[in-house]
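Just below is one structure, and these are the notes that go with it.
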There are 2 protein chains.
Amino acid sequence: MKTTFGEYIRKLRTDKGLTLTELAALLKLDSANLSKIENGKREFNEKRLDKLATAFELDLNKLKTEYFSDQFAKKMFEFNCSSETLIIAEEKINYLKSINVKQSEIKF
Amino acid sequence: MKTTFGEYIRKLRTDKGLTLTELAALLKLDSANLSKIENGKREFNEKRLDKLATAFELDLNKLKTEYFSDQFAKKMFEFNCSSETLIIAEEKINYLKSINVKQSEIKF
DNA sequence: TTAACTTTGTCAGTAGTCGACAAGTTTAAT
DNA sequence: ATTAAACTTGTCGACTACTGACAAAGTTAA
């Protein structure tokens, strides 16, 4: 699982013996654009994650993990972020969750 | 450091006794929009990170850590991602780096 | 060679972001 | 209570980036 998201899709597709055109149809997108996605020249739109999950009978949560980790890695690579960024990110998620709880408490 | 990026800016600003208008001028943006940023209703554009660093004499790397961790946390919170996402992200960064090294080797 | 598959380039349409301004609200001092 | 400064919120046009679509070129394997 250390591949990019594009490489990941490609593997899924070829393992199932599908052509770009066939998978593109399932995902409701152009085969040329799917090619670009697999080669990392376009982004896969997160709105299509559920379609991808159904196409390959995958767990959506695993897919989200694969997808968003890819997004984050690309950003951090591009901007040369320290690996501490991910640690702080985790802290912030908890902070956001706690805020959310508080807000719910106030609301109801 | 468990705050959002907006709260982080606000703290920096108020600690220095600056008004929105004053800081906005330093960052070359509208005070109304800076208000939205501090309140999490608009994004802080990453292109302005260096201006922010100079305004508060901060280390740009620390600032990037703060900024991108915030971005990632928000995404993960919004899409309810598993915390495994961050672990996989770290693996992928190493993968990207190794690819990059290989490409450099080929190129030169 | 030829047919299927894949890659690459381009472009118009569209969606989302950003700067700017106006109007409204809050805060603090008098 | 009045005022002024600080802050918030809503809106809108301009700008930018993303997306779908198609054509054309390149690759692969029979």
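Throughout, protein chains are lettered first and strands after them, A, B, ... in sequence-line order, and every chain is numbered starting at 1.
- Between the NZ atom of B:K28 and the P atom of C:dC18 there is a distance of 18 Å, given to the nearest Å.
- Side-chain atoms of A:K64 come within 3.5 Å of backbone N or O of B:F79 as a donor-acceptor pair.
- Residue contacts shown for B:S35 include a base, since a base heavy atom lies under 4.0 Å away.
- Between B:N80 and A:N61, every side-chain heavy-atom pair lies at or beyond the 4.5 Å cut-off.
- Distances were taken from every side-chain heavy atom of A:E43 (C-beta onward) to each of D:dT19, C:dT6, D:dC7; the shortest belongs to D:dT19.
- No salt bridge links B:K16 with B:E22; every basic N to acidic carboxylate O contact stays at or beyond 4.0 Å.
- In this structure, the CD atom of A:E46 is 13 Å from the P atom of D:dC18, given to the nearest Å.
- Under 3.5 Å, the side chain of A:K36 and the base of C:dG9 form at least one donor-acceptor pair of N or O atoms.
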For salt bridge (Lys or Arg N to Asp or Glu O under 4.0 Å), just list the numbers for B:E43 and B:K74, CA-CA rounded to whole Å, side-chain angles, deciding distance to a tenth of an Å, and then say yes or no. CA-CA 11 Å; B:E43 291 293 324; B:K74 275 191 281 190; 3.0 Å; yes

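- Taking side-chain N and O atoms only, B:N39 has a distance below 4.0 Å to OP1 or OP2 of D:dT8.
- Between the CD atom of A:E22 and the P atom of C:dC5 there is a distance of 7 Å, rounded to whole Å.
- The phosphate of D:dC18 has neither OP1 nor OP2 within less than 4.0 Å of any side-chain N or O from A:R48.
- Not one side-chain nitrogen or oxygen of A:R42 sits closer than 4.0 Å to the OP1 or OP2 atom of C:dG9.
- Remark: B:N45 is in phosphate contact with C:dC18, judged by side-chain N or O atoms under 4.0 Å from OP1 or OP2.
- The CZ-C1' distance, from B:R10 to D:dA6, rounds to 10 Å in whole Å.
- Regarding contacts with the backbone of C:dT8, a side-chain N or O of A:K41 is found under 4.0 angstrom from either OP1 or OP2.
- Contact between the side-chain N/O atoms of A:N33 and the OP1/OP2 oxygens of D:dG20 is not found at any separation under 4.0 Å.
- Remark: the backbone N or O of B:A32 is paired with a side-chain donor or acceptor of B:D30 at under 3.5 angstrom.
- Taking 4.0 angstrom as the limit, B:R13 places a side-chain polar atom (N or O) nearer than this to OP1 or OP2 of D:dC7.
- A:D30 places its CG atom 17 Å from the P atom of C:dA12, with the value rounded to the nearest Å.
- When rounded to the nearest whole Å, the span between CG of B:L29 and C1' of D:dT8 equals 15 Å.
- Mapping B:K47 and B:L18 onto DNA chain D via the closest heavy atom, the residue that lands nearer the 5' end is B:L18.
- The separation between A:E38 atom CD and C:dT7 atom P is 7 Å, rounded to whole Å.
- The distance between atom CG of B:L27 and atom C1' of C:dG19, rounded to the nearest whole Å, is 14 Å.
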